[in-house]
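Presented below is the structure to which this report refers.
Residue numbers run from 1 in the order of the sequence given. Worth saying up front: this structure is predicted, and the values here are computed from it rather than measured.
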Amino acid sequence: MLETPPLALTIGEPGGVGPDITLGAWLDRHRNPLPAFYCYADPGFLTDRARRLGLDCPIAVVSPDEAVARFGDALPVVPLEARIVAEPGGAEESNAAAVIEAIARAVGDIRSGHAAAMVTNPINKEALYRAGFRHPGHTEFLGTLSSAWTGEPGRPAMMLAGPDLRAVPVTIHIPLRDVPAALSEDLILETCRIVDADLRRRFAIAQPRLAIAGLNPHAGEGGTLGTEERDVIAPAIARLRDEGIGALGPLSADAMFHPSARAGYDAAICMYHDQALIPAKTLSFAETVNVTLGLAFIRTSPDHGTAFDIAGTGKADPSSLRAALRLAAELRRNEDGG
């Protein structure tokens with residue numbers, strides 16, 4: 001067994017930019033050093049994409065245990081059983097088996113000690129749904145795999161982690177009109193407990209400070225602009241403080257993200273998707289990483305989607321993938337105490 005296992009990278013949606021940024025990140029490894037990784041993919045497909053992009057990228061077909069030794073001179077690829085046939089620019093449901101296999105096998109490698117953590121390229125959920133995928137999304141599938149590993153139910157949380165901000169939405173992919181009804185003390189508590197635990201265990205922050213946003217303008221203005229702060233958010237914060245969690249708020253979201261405000265906390269807990277993702281991506285789109293908290297294993301991902309419009313054109317920027325690879329390795333070192 002390797003003393004320092006490599007990272008397992010999934011190919012993601014083959015018709016998107018995942019293959020492009022995987023090739024680009026490896027080719028740029030001398031100028032932008034990376035931890036060793038291998039990619040779950042169809043080697044022939046990756047070779048064809050490199051040729052389309054005009055890239056000279058040697059590919060080594062390996063097992064996970066061989067990846068570190070080969071990483072310096074070739075992109076290590078662990079072959080999938082499912083074949084991939086895809087043109088850049090769209091998703092084919094025939095590739096769903098390969099997309100799902102890559103994710104499941106990467107988790108299995110972490111569980112067996114052959115991989116340190118996993119990094120996932122973007123997927124296209126619509127194509128997976130057409131092929132019979134029964135999970136709401138990527139994160140929920142990973143949550144199911146994590147629960148199968150531990151034997152305990154759990155709810156993963158999404159963090160956008162960049163050099164200047166860590167932001168976590170309490171509610172994620174639901175319509176804005178449904179957010180007030182979806183918010184509850186228990187949901188806020190569960191999310192904050194997950195964030196606090198992962199900041200301690202994997203981000204090496206001994207006493208995390210959580211800045212908790214209000215839902216309404218000016219955090220409700222004392223109830224005149226909404227009562228969710230008074231009735232739901234503030235009681236949750238009081239319970240968190242009773243548990244010894246450093247919770248601040250409810251805070252007016254419009255004043256939470258300037259530099260001096262960010263200096264006062266370690267993560268922003270936001271009430272809905274865009275309240276978290278707009279400041280995170282605005283501050284540092286290229287270096288922000290999607291981190292799934294609350295799993296039995298470490299998972300990071302670029303903060304962007306499949307970008308079909310530029311797939312196969314050579315325009316895709318691998319910066320966020322590089323950041324995701326580096327952060328995955330850092331979180332594993334912290335988890336291991338080093």
Side-chain angles (χ1 to χ4, degrees), residues 5-26 36-53 55 57-71 74-135 137-138 141-142 144-145 148-149 297 299-302 306 308 311-312 318 321 324-325 328:
L7 303 174
L9 174 65
T10 66
I11 190 60
E13 168 51 52
V17 295
D20 304 26
I21 60 178
T22 297
L23 294 162
W26 184 84
F37 67 87
Y38 60 90
C39 182
Y40 266 115
D42 179 331
F45 166 76
L46 267 183
T47 299
D48 289 344
R49 180 63 66 89
R51 187 179 301 116
R52 175 188 285 268
L53 292 168
L55 302 177
C57 183
I59 288 174
V61 177
V62 300
S63 68
D65 286 348
E66 297 168 329
V68 172
R70 297 304 309 275
F71 187 77
L75 172 60
V77 176
V78 178
L80 296 168
E81 293 182 6
R83 289 209 51 218
I84 294 174
V85 179
E87 290 293 315
E92 296 288 340
E93 64 184 84
S94 61
N95 290 317
V99 173
I100 295 166
E101 180 191 342
I103 298 167
R105 288 180 66 181
V107 172
D109 288 349
I110 303 171
R111 188 172 184 177
S112 65
H114 294 280
M118 71 184 296
V119 180
T120 62
N121 271 307
I123 65 171
N124 179 266
K125 294 190 288 291
E126 182 181 353
L128 297 184
Y129 296 154
R130 292 199 304 265
F133 189 65
R134 293 290 179 253
H135 302 274
H138 210 160
F141 181 40
L142 291 165
T144 298
L145 295 174
W149 179 340
F297 47 86
R299 178 264 183 149
T300 66
S301 180
T306 53
F308 288 131
L321 176 59
L325 290 160

Subject >> Spatial distance of atom OG1 (Thr22) from atom CG (Leu9) [nearest 0.5 Å] >> reply: 4.5 Å
Original post:
Picking from Thr306, Val17, Ile21, what satisfies side-chain contact (heavy atoms from CB on, under 4.5 Å) with Asn121?
Top reply: Ile21
Original post:
Are side-chain heavy atoms of Phe45 and Pro14 found at a separation under 4.5 Å?
Top reply: yes
Original post:
Hey, does the side chain of Trp26 reach the backbone of Pro58 with a donor-acceptor pair shorter than 3.5 angstrom?
Top reply: no
**OP:** Please lay out, stage by stage, how Phe133 and Val99 fare under the test side-chain contact (heavy atoms from CB on, under 4.5 Å).
**Re:** CA-CA 11 Å; Phe133 189 65; Val99 173; over 6 Å; no
Original post:
Taking the side chain as C-beta and beyond, is there a heavy-atom pair between Ile11 and Leu46 under 4.5 Å?
Top reply: yes
Original post:
Shortest non-hydrogen contact from Val119 to Ala328?
Top reply: CG2-CB, 3.8 Å
Subject >> Heavy-atom pair of closest approach, residues Ala106 and Met118 >> reply: CB-CE, 3.9 Å
Original post:
Out of curiosity, Arg299 CZ to Leu142 CG, how far, rounded to the nearest 0.5 Å?
Top reply: 5.0 Å
Original post:
For Arg83, does the CZ atom sit with more than 12 other heavy atoms under 6.0 Å from it, leaving out its own atoms?
Top reply: no
Original post:
Sub-3.5 Å donor-acceptor pair from the side chain of Glu101 to the main-chain atoms of Ala82, do we have one?
Top reply: yes
Original post:
So do Arg52 and Glu87 actually touch side chain to side chain, heavy atoms under 4.5 Å?
Top reply: yes
Original post:
Considering all heavy atoms of both residues, which atom of Tyr40 and which atom of Ala102 are nearest to each other, and what is their separation?
Top reply: CB-CB, 3.8 Å
Original post:
Quick one: CZ on Phe297 to CG on Asp109, what's the gap to the nearest 0.5 Å?
Top reply: 12.0 Å
**OP:** Could you pull out the closest heavy-atom pair between Pro88 and Ala311, with the gap in Å?
**Re:** CB-O, 3.4 Å
Original post:
Tell me, do Val62 and Val78 make a side-chain contact under 4.5 Å, heavy atoms counted?
Top reply: yes
Subject >> From Lys125 atom NZ to Glu13 atom CD, the distance as rounded to the nearest 0.5 Å >> reply: 12.0 Å
**OP:** Taking the side chain as every heavy atom from C-beta outward, state whether Thr10 and Arg105 have any pair of such atoms under 4.5 Å apart.
**Re:** no
Original post:
Can you name the one residue among Asp42, Asp20, Leu55, Ile84 that meets side-chain contact (heavy atoms from CB on, under 4.5 Å) with Arg49?
Top reply: Asp20
Original post:
Which heavy atom of Ala50 sits nearest a heavy atom of Cys57, and at what distance?
Top reply: CB-CB, 4.4 Å
Subject >> Approximate separation, where rounding is to 0.5 Å, of Phe37 CZ and Leu321 CG >> reply: 6.5 Å
Subject >> Atom pair CD1 (Ile103) and CG (Leu128), whose distance is rounded to the nearest 0.5 Å >> reply: 7.0 Å
Original post:
Do Trp149 and Ile110 have side chains that get closer than 4.5 Å, going by heavy atoms?
Top reply: yes
Original post:
Hey, are the side chains of Glu66 and Tyr38 touching, using non-hydrogen atoms and a 4.5 Å cut-off?
Top reply: no
Original post:
Which atoms form the tightest heavy-atom contact between Pro318 and Gly24, and what is the distance?
Top reply: CG-C, 4.2 Å
